[in-house]
Amino acid sequence: MFLNYLEYEKRFSPQTVIAYKTDLLQYLNFLSFREKEIKNVTHQDIRLWIVEELELGKTARTINRKISTLKAFYKFLLRNKLVSINPTDKLIAPKQKKSLPVFVPETEMNNLFDRIIFDETFEGVRDKTIIELFYATGIRLSELLNIKRKDIDFYNQTVKVIGKRKKERIVPFSPRLSPVLQEYIAVYEQEFGRLGQEMPIFVTKEGKTIYTKLIYKIVRKYLDMVSTVEKRSPHVIRHTFATHLLDNGADLSAIKEILGHSSLAATQFYTHTSVERLKKTYKQAHPRA
């Protein structure tokens, strides 16, 4: 009931709904072990659960997400008169360290596309297209998974994606990406037949719809060849896309629209990376720094 509310009314992404479901199952297992019913839970019970999670080594960021899950859950229960009080009202989220986004330097991304030789098989062409698309548009993994043939507009050089809370947006891409996408579609049709307008564009080597774990595997495989960044994931390429745009003079508001952020505050996150690098360069280069 609550998960349906998140998916259909709040229009959360499938990944977000899964995260909420995981948090709730862990919480409900905790209550079951303590033989506690949801309607009788107190503020102290939830604090005990959080303490246990911290003792298990969970980070402040993870704990904050779990608290957000519980707050949303109890608001839902209260609104539907399934509980009489909200035990999460007085919860205080632990402070979390602000970490700068991890990104791949321009030289390493150039090496990936200019020096790495992708196989000429269907898988090789597909993998190159996926990585080129991530870097050319900054789209999220969940958005890439849902792209259909009809969403790609070669004439206007744009791709339509479904973002968070099922919001549609049109993302431009560079002329360089067009032949990459066209080659992939040609190879796809040689392998599996016509790619219909309503069909997902990316598939496995068996022709089935591609899945999250495989996308992660593809991105890690190729970033491993050129980069030593700590994290190597689709989201790191999204960070890389935004950082490189900012470094090369793009307007912050424009980056916000391309990324599909709901507020400028989320996009300003990337300015910290550029400023920190400028400070580092200054200290290294200025004689009196």
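Every value quoted in this text rests on a predicted model; they were computed, and no experiment measured them.
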>> Can a donor-acceptor pair be found, under 3.5 Å and without considering hydrogens, that links the side chain of Glu143 to the backbone of Arg140?
In response: yes
>> Taking side chain to side chain donor-acceptor pair (under 3.5 Å) as the definition, give me every residue that meets it alongside Asn110, ordered by chain and number, with sequence neighbours left out.
In response: none
>> Determine whether a donor-acceptor pair (N or O, by modelled atom type, separation under 3.5 Å) exists between the side chain of Thr62 and the backbone of Lys58.
In response: no
> Considering the options Trp49, Tyr20, Phe33, which one meets the ring pair (Phe, Tyr, Trp, His ring centres under 6.0 Å) requirement together with Tyr27?
Replying inline: Trp49
> For Pro200 and Val203, which heavy atoms make the closest approach, and how far apart are they?
Replying inline: O-CG1, 4.2 Å
>> If we ignore hydrogens and angles and just use 3.5 Å, is the side chain of Asn40 paired with the main-chain N or O of Glu37 as donor and acceptor?
In response: no
> Does Asn64 offer a backbone N or O that forms a donor-acceptor pair with the side chain of Ser68 under 3.5 Å?
Replying inline: yes
>> So Asp89 and Tyr74, do their side chains get closer than 4.5 Å, heavy atoms only?
In response: no
> Between the side chains of Glu106 and Asn248, is a donor N or O closer than 3.5 angstrom to an acceptor N or O?
Replying inline: yes
>> Under a 3.5 Å distance rule, please check whether Arg238 uses its side chain to pair with a backbone N or O of Leu259 as donor and acceptor.
In response: yes
> Taking it one step at a time, do Lys160 and Asp153 satisfy side-chain contact (heavy atoms from CB on, under 4.5 Å)?
Replying inline: CA-CA 8 Å; Lys160 182 175 75 174; Asp153 182 344; over 6 Å; no
>> Are there over 12 heavy-atom neighbours, none belonging to Gln197, within less than 6.0 Å of that residue's CD?
In response: yes
> Using the benzene-type ring in the case of Trp, are the ring centres of Phe202 and Tyr188 under 6.0 Å apart?
Replying inline: no
> Between Phe241 and Phe134, is the ring centre distance below 6.0 Å?
Replying inline: no
> Which atoms form the tightest heavy-atom contact between Pro87 and Val41, and what is the distance?
Replying inline: CB-O, 3.8 Å
> Any sub-3.5 Å donor-acceptor pair from Ser227's side-chain atoms to Leu223's backbone N or O?
Replying inline: no
> Do the side chain of His244 and the main chain of Phe103 share a donor and acceptor less than 3.5 angstrom apart?
Replying inline: no
> Are Ile67 and Leu48 co-members of a hydrophobic cluster defined by side-chain heavy atoms under 4.5 Å apart?
Replying inline: yes
> Is Glu257 salt-bridged to Arg169, going by a charged N under 4.0 Å from an acidic O?
Replying inline: no
> Is any side-chain heavy atom of Leu91 less than 4.5 Å from a side-chain heavy atom of Arg47?
Replying inline: yes
> According to a 4.5 Å side-chain heavy-atom criterion applied to Ile, Leu, Val, Met, Phe, Trp and Tyr, with indirect links allowed, do Ile170 and Ile255 form part of one hydrophobic cluster?
Replying inline: no
>> Restricting to ring-ring contact (aromatic ring centres under 6.0 Å, His included), what partner residues turn up for Phe73, sequence neighbours left out?
In response: Phe2
>> I need the minimum non-hydrogen distance between Lys39 and Val83, along with the two atoms involved.
In response: CA-CG1, 4.0 Å
> Any chain of hydrophobic side-chain contacts (each under 4.5 Å) joining Ile162 to Leu6?
Replying inline: no
> Ignoring hydrogens and geometry, is there a side-chain-to-backbone donor-acceptor pair from Asn86 to Thr88 under 3.5 Å?
Replying inline: yes
> Linking I/L/V/M/F/W/Y whenever any side-chain heavy atoms sit under 4.5 Å apart, do Ile18 and Tyr216 land together?
Replying inline: no
>> Please check this pair: side chain of Asp251 against backbone of Ser253, looking for a donor-acceptor N/O pair closer than 3.5 Å.
In response: yes
> With under 30° as parallel and over 60° as perpendicular, where do the rings of Tyr5 and Phe76 fit, or are they tilted in between?
Replying inline: tilted
>> Minimum heavy-atom separation for Arg232 and Arg220, please, with both atom names.
In response: O-CG, 2.9 Å
> Do Glu206 and Thr204 have side-chain atoms, one donor and one acceptor, less than 3.5 Å apart?
Replying inline: yes
>> Has Glu189 got a side-chain atom pairing as donor or acceptor with Leu195's backbone, closer than 3.5 angstrom?
In response: yes
List the atom pairs, with distances to 0.1 Å, where a side-chain N or O of residues 173-184 and a protein N or O form a donor-acceptor pair under 3.5 Å, not counting sequence neighbours.
{"residue": "Arg176", "atom": "NE", "partner": "Glu132", "partner atom": "OE1", "Å": "3.3"}
{"residue": "Arg176", "atom": "NH2", "partner": "Glu132", "partner atom": "OE2", "Å": "3.3"}
{"residue": "Tyr184", "atom": "OH", "partner": "Ile201", "partner atom": "O", "Å": "2.6"}

>> Is the ring pair His239/His235 parallel, tilted or perpendicular, if the boundaries are 30 and 60 degrees?
In response: perpendicular
>> Minimum heavy-atom separation for Lys36 and Asp45, please, with both atom names.
In response: CE-OD2, 2.9 Å
> Yes or no on side-chain hydrogen bond (donor to acceptor under 3.5 Å, both in side chains) for Thr240 and Thr243, after CA distance, side-chain angles and deciding distance?
Replying inline: CA-CA 5 Å; Thr240 300; Thr243 302; over 6 Å; no
> Does the distance from a Lys or Arg side-chain N to an Asp or Glu carboxylate O, for Glu198 and Lys150, drop under 4.0 Å?
Replying inline: yes
>> A side-chain contact here means heavy atoms from C-beta on lying under 4.5 Å apart; do Lys213 and Lys217 qualify?
In response: no
